Amino acid sequence: MAKRHTAVDKKSKLDNSQADIFQPIAEHSDIAELCSALYERTLIQLSQEELDAGLLRRRLASLPFYVRHAAHGSLQAAQHSPLQLDAQNASWQAPQATACPAGTGTAQKQHAWFKQHAALGLVVPVRYETSEFKTVVLDSIDRVDSNHHRVHLNYQGWFSFSGEGESPHLTLLKPTKRIMTAACCGHQWNHRGRINPRTLTLRELLLVATLDWRQFKVALKIAR
């Protein structure tokens, strides 16, 4: 009989430990809505891209991992972010400025900031401007060329420390709360003023979750 009690006690402890592991997830009623919105959004975006079958299979195979990662990261970020998380639409909300934010200070000051703080993985804002609309997108540094005073971004290519890029439509900006708010919320403008925000990609949402809003000088890690 004693052995039976021991086995029951062990099973009870195991059940309790498993419950403890999943309790933080269960407490977030928004996790299901976030994952659902992210799946729907990403599948629509994939359907609009011209991908070969092999690449599409790899993207779909990795999708569950990145969706869970983005959902958990967003919930963590919501605890310290000045923005409001809309779980139903998997988006960040904040009042939109009347005009698209531009760089602050002089080119020399921005050059000095990137010379000091440019590092691999740092999330930075890039202003995208055409004759039709303006917005700010997020990207991350994957290469620093200190000798030539420039950085390479994962998606947008090379930029000088002072902001000039390979495309006349793109300008690297020093991150500030106003600029990063516009980027995280997908704010857009045209010649008349504010227009509906764009939908951030899954990759951009992952970048938002790593922001340190106190200084923007380091990238935070997302707990898994």
Side-chain angles (χ1 to χ4, degrees), residues 70 73-74 76-77 80-83 91-195 197-222:
S74 296
Q76 292 173 25
H80 55 75
S81 173
L83 311 179
S91 62
W92 293 96
Q93 306 293 323
Q96 183 172 353
T98 55
C100 184
T104 58
T106 64
Q108 290 78 11
K109 288 184 177 180
Q110 174 166 315
H111 184 283
W113 191 91
F114 276 100
K115 184 177 181 180
Q116 180 179 1
H117 300 295
L120 299 182
L122 184 67
V123 180
V124 293
V126 176
R127 178 181 163 115
Y128 178 77
E129 179 177 357
T130 68
S131 59
E132 298 177 348
F133 77 103
K134 306 171 186 176
T135 191
V136 182
V137 300
L138 293 176
D139 209 333
S140 59
I141 297 175
D142 61 14
R143 188 173 173 186
V144 179
D145 183 355
S146 300
N147 293 331
H148 296 90
H149 308 286
R150 60 179 186 164
V151 294
H152 187 271
L153 305 188
N154 198 7
Y155 267 49
Q156 308 298 341
W158 286 104
F159 291 87
S160 69
F161 285 171
S162 55
E164 296 85 1
E166 298 172 306
S167 167
H169 302 300
L170 300 173
T171 305
L172 174 65
L173 302 176
K174 172 188 171 183
T176 65
K177 182 178 179 181
R178 183 167 178 259
I179 291 171
M180 298 303 264
T181 294
C184 294
C185 297
H187 291 162
Q188 299 186 113
W189 297 260
N190 62 15
H191 65 284
R192 294 182 177 179
R194 290 171 285 206
I195 58 177
R198 65 185 181 86
T199 301
L200 268 64
T201 64
L202 183 60
R203 175 180 172 273
E204 284 183 292
L205 284 174
L206 284 165
L207 293 180
V208 175
T210 68
L211 291 177
D212 181 355
W213 286 89
R214 297 169 299 178
Q215 53 184 354
F216 301 117
K217 297 176 184 178
V218 295
L220 302 176
K221 291 185 179 296
I222 303 175

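Note that the structure is predicted; figures quoted are calculated from it, not measured.
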Distance col, row Ser160:OG vs His148:NE2, nearest 0.5 angstrom, shows 13.0 Å
Partners meeting side chain to side chain donor-acceptor pair (under 3.5 Å) with Arg143 (sequence neighbours left out): none
Check: Arg127 side chain, Cys100 main-chain N or O, donor-acceptor pair, under 3.5 Å: yes
I'd like to check the salt bridge (charged side-chain N to carboxylate O under 4.0 Å, His left out) partners of Arg203; sequence neighbours left out, ordered by chain and number. Asp139
When every non-hydrogen atom of Pro101 is compared with those of Trp189, the smallest separation belongs to CD-CH2, 3.7 Å
Distance col, row Leu205:CG vs Thr210:OG1, nearest 0.5 angstrom, shows 11.0 Å
Among Gln188, Arg198, His191, find the one that has a side-chain contact (heavy atoms from CB on, under 4.5 Å) with Phe133. Gln188
Counting only heavy atoms not in Glu132, do more than 12 fall under 6.0 Å of its CD? no
Provide the closest heavy-atom pair for Ile141 versus Ala119 in the form atom of the first, atom of the second, distance. CB-O, 3.4 Å
Do Trp92 and Ser74 have side chains that approach each other closer than 4.5 Å (heavy atoms only, starting at C-beta)? yes
By side chain to side chain donor-acceptor pair (under 3.5 Å) - contacts of Gln93 (at least two apart): Ser91
Interatomic distance, Ile195 atom CD1 to Asn190 atom CG [nearest 0.5 angstrom]: 5.0 Å
Heavy-atom distance under 4.5 Å between the side chains of Arg194 and Thr98, does that happen here? yes
Using the ring-ring contact (aromatic ring centres under 6.0 Å, His included) criterion, which residues pair with Trp113? Sequence neighbours excluded. His117
Quick check: closest heavy atoms across Leu83 and Ala94, and the distance to 0.1 Å? CD2-CB, 3.6 Å
Check whether any side-chain heavy atom of Val124 lies under 4.5 Å from a side-chain heavy atom of Phe114, and answer yes or no. yes
To the closest 0.5 Å, what do you measure between NZ (Lys134) and OH (Tyr128)? 13.5 Å
Once rounded to the nearest 0.5 Å, what's the spacing between atom CD of Gln116 and atom NZ of Lys217? 6.0 Å
Qualifying side chain to side chain donor-acceptor pair (under 3.5 Å) pairs with a residue from residues 149-159, counting only residues at least two apart or across chains: Asp142-His152, Asp145-Arg150
Please tabulate, one pair per line, all N/O donor-acceptor pairs under 3.5 Å involving side-chain atoms of residues 169-185, not counting sequence neighbours.
{"unit_1": "His169", "atom_1": "ND1", "unit_2": "Glu129", "atom_2": "O", "d": "3.1"}
{"unit_1": "Thr176", "atom_1": "OG1", "unit_2": "Ile179", "atom_2": "N", "d": "3.3"}
{"unit_1": "Thr181", "atom_1": "OG1", "unit_2": "Lys177", "atom_2": "O", "d": "2.7"}

What closest approach, in Å, do Ser81 and Trp213 show between heavy atoms, and which atom pair accounts for it? OG-NE1, 3.7 Å
